[in-house]
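Here the structure comes first, spelled out in structure tokens, and everything after it is commentary.
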Amino acid sequence: EVAAYIQGLLRDPDPGGPHHDVVMVYLSAHVVVDEHSQPCLLLGDADPLDSSTWLPLSEVLEWTKELPDNIKKVLLLDCGRMPTNWQIGLFYNGFAERVEAAIERAEVPNLYVLNSTGPGEAAQHAAELHASSFGFFVQQGLNGAADVEHSGNGDDHVSWQELVDYVQRQVEWWAAERRSDEQKPLAFGDADFPVVHVNRSAPTSYDPPDAKAFGRDQERIEANWRE
């Protein structure tokens, strides 16, 4: 079961980041709202017509709550690519509107969330980037772009606020420029802290990659995460 696998990973994580006090969870999934108005994820083994198989966001938040209070829990939700789907009776997807309330109810210490869309928006898939626009710019940001572009201070660390600012600006630009649409990720968590060390040899400017380059960027981020 996919949900059990995710929960298992969160039971004994290996915190990373410059101070080894950050646990980052990146979830890419379709999302819906159940009959109780709870935001839920449709994982790979879910039945879109059976809400008992959906994973409530509240459960994911409860899993992060089991981590020590001093650990920063960063949750990146690459969701929202299904604004409507008449085949499953989805006429409007209200997931984004309900994320904040779920976070407030969970009361998880040191929780920081970045959801890929705002209310009423569709998350843009970008085949030319080999990813969603949100996923691509999260990777670019963690690879160093967030430290030098927009509000980045160039201190060789990507902080939470630098990452949020970079991803919001770039995703919003991409949606308008390439899709004539609106998409601005929603962020929750006002504090700031270093998320990942930056390797200055890494490219930081926007450049649509080929598949091999995209894989190399991922390997570079994982290496920097452990420094």
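Checked for salt-bridge contact, Arg179 and Glu121 miss the test: no charged N lies under 4.0 Å from a carboxylate O.
The main-chain N or O of Gly80 is never found under 3.5 Å from a side-chain atom of Asn93 such that the two would form a donor-acceptor pair. Side chain of Asp147 to main chain of Asp155: a donor-acceptor pair is present (N/O by atom type, distance under 3.5 Å, no hydrogens or angles). Although no hydrogens or angles enter the test, the distance criterion places no donor-acceptor pair under 3.5 Å between the side chain of Gln183 and the main chain of Val171. Proximity of a side-chain donor or acceptor of Asp78 to a complementary backbone N or O of Leu27 within less than 3.5 Å is not detected. The closest donor-acceptor contact from the side chain of Asp69 to the backbone of Pro109 lies at 3.5 Å or more, if one exists at all. Judged by distance alone, the side chain of Asn85 and the main-chain N or O of Leu90 form no donor-acceptor pair under 3.5 Å. The main-chain N or O of Cys79 is found under 3.5 Å from a side-chain atom of Ser116 such that the two form a donor-acceptor pair. Here the side chain of Lys65 pairs a donor or acceptor atom with the backbone of Ala106 at under 3.5 angstrom. Using modelled atom types, no side-chain atom of Ser159 and backbone atom of Asp192 make a donor-acceptor pair closer than 3.5 Å.
Using a 4.5 Å heavy-atom cutoff, the side chains of Lys73 and Val25 are not in contact. With a 4.5 Å cut-off on side-chain heavy atoms, Trp173 and Arg178 count as touching. Side chains of Phe91 and Trp86 form a contact here, defined as non-hydrogen atoms less than 4.5 Å apart. Counting heavy atoms from C-beta outward, Asp21 and Pro15 have side chains that stay 4.5 Å or more apart.
Rounded to the nearest 0.5 angstrom, Ser132 OG and Trp174 CH2 are separated by 11.0 Å. Here CD of Gln7 is found 8.0 Å from CG of Leu10. Values are rounded to the nearest 0.5 Å. Atom-to-atom distance recorded for Gln170:CD and Glu149:CD is 6.0 Å, nearest 0.5 angstrom. In this structure, Leu142 CG and His197 NE2 are separated by 13.5 Å, a value rounded to the nearest 0.5 Å. Between Gln168 atom CD and Ser151 atom OG the span is 9.5 Å, to the nearest 0.5 Å. Between atom CD of residue Glu107 and atom CG of residue Leu61 there is a gap of 11.5 Å, rounded to the nearest 0.5 Å.
Residues Ser28 and Arg81 have side chains that bring a donor and an acceptor to within less than 3.5 angstrom of each other.
A 6.0 Å sphere centred on CG of Asp50 holds more than 12 heavy atoms belonging to other residues, nucleotides or ligands. Enclosure of atom OH in Tyr5 is not indicated, since only 12 or fewer non-hydrogen atoms of other residues, nucleotides or ligands lie within 6.0 angstrom. Under a cut-off of 6.0 angstrom, the local environment of NZ in Lys184 is sparse, with at most 12 non-hydrogen atoms contributed by other residues, nucleotides or ligands. In the displayed structure, Asp190 atom CG is contacted under 6.0 Å by at most 12 heavy atoms of other residues, nucleotides or ligands. Residue Glu182 places its CD atom among 12 or fewer non-hydrogen atoms of other residues, nucleotides or ligands, all under 6.0 Å distant.
A continuous path of hydrophobic side-chain contacts links Leu186 to Leu41 [ILVMFWY only; heavy atoms under 4.5 Å]. Connection of Phe137 to Val196 is established within a shared hydrophobic cluster, with ILVMFWY side chains joined at heavy-atom distances below 4.5 Å, either directly or through further cluster members. Tracing side-chain contacts under 4.5 Å through hydrophobic residues (I, L, V, M, F, W, Y), one reaches Val2 starting from Leu77; they form part of the same cluster. In terms of hydrophobic clustering, with Ile, Leu, Val, Met, Phe, Trp and Tyr side chains grouped at heavy-atom distances under 4.5 Å, Tyr26 and Val158 are assigned to a common cluster. A continuous path of ILVMFWY side-chain contacts below 4.5 Å connects Met24 to Phe136, so both sit in one hydrophobic cluster.
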Worksheet item: Are Leu57 and Phe95 close enough, and set up right, to give a side-chain contact (heavy atoms from CB on, under 4.5 Å), and what steps lead you there?
Response: CA-CA 10 Å; Leu57 177 61; Phe95 180 89; 4.3 Å; yes

Item to complete: Take Glu62 and Glu59 through the side-chain contact (heavy atoms from CB on, under 4.5 Å) test and state the conclusion after the steps.
Response: CA-CA 5 Å; Glu62 284 300 315; Glu59 284 195 27; 5.5 Å; no

Discussion item. Determine whether Trp54 and Gln38 satisfy the following criterion, side-chain contact (heavy atoms from CB on, under 4.5 Å), listing intermediate values before the conclusion.
Written reply: CA-CA 10 Å; Trp54 304 351; Gln38 298 301 309; over 6 Å; no

Worksheet item: When you look at Ser51 and Glu35, which way does the side chain to side chain donor-acceptor pair (under 3.5 Å) test go after all the steps?
Response: CA-CA 8 Å; Ser51 63; Glu35 64 271 25; 3.1 Å; yes

Practice prompt. Determine, step by step, whether Val22 and Ile71 satisfy the side-chain contact (heavy atoms from CB on, under 4.5 Å) criterion, reporting the C-alpha distance in whole Å, the side-chain angles of both residues, the deciding distance to 0.1 Å, and the verdict.
Written response: CA-CA 6 Å; Val22 179; Ile71 295 295; over 6 Å; no

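Phe193 and Trp160 have parallel rings, their planes meeting at less than 30° on a 0 to 90° scale where 60° marks the start of perpendicular.
The minimum heavy-atom distance linking Val167 with Pro185 is given by the pair CG1-CG, 4.1 Å. Of all non-hydrogen atoms in Thr64 and Val108, the two that sit nearest each other are OG1-CG1, 3.6 Å. Nearest approach of Met82 to Ile88, heavy atoms of both residues: CE-CD1, 4.0 Å. Minimum heavy-atom separation, Ile6 to Leu43: CD1-CD1, 4.1 Å. Shortest non-hydrogen contact noted between Ala102 and Pro39 is CB-CG, 4.1 Å. Across all their heavy atoms, Ala146 and Glu162 have their closest contact at O-CB, 3.4 Å.
Considering Ser37, Pro119, Cys40 as possible partners of Arg98, the one that fulfils the side-chain contact (heavy atoms from CB on, under 4.5 Å) test is Ser37.
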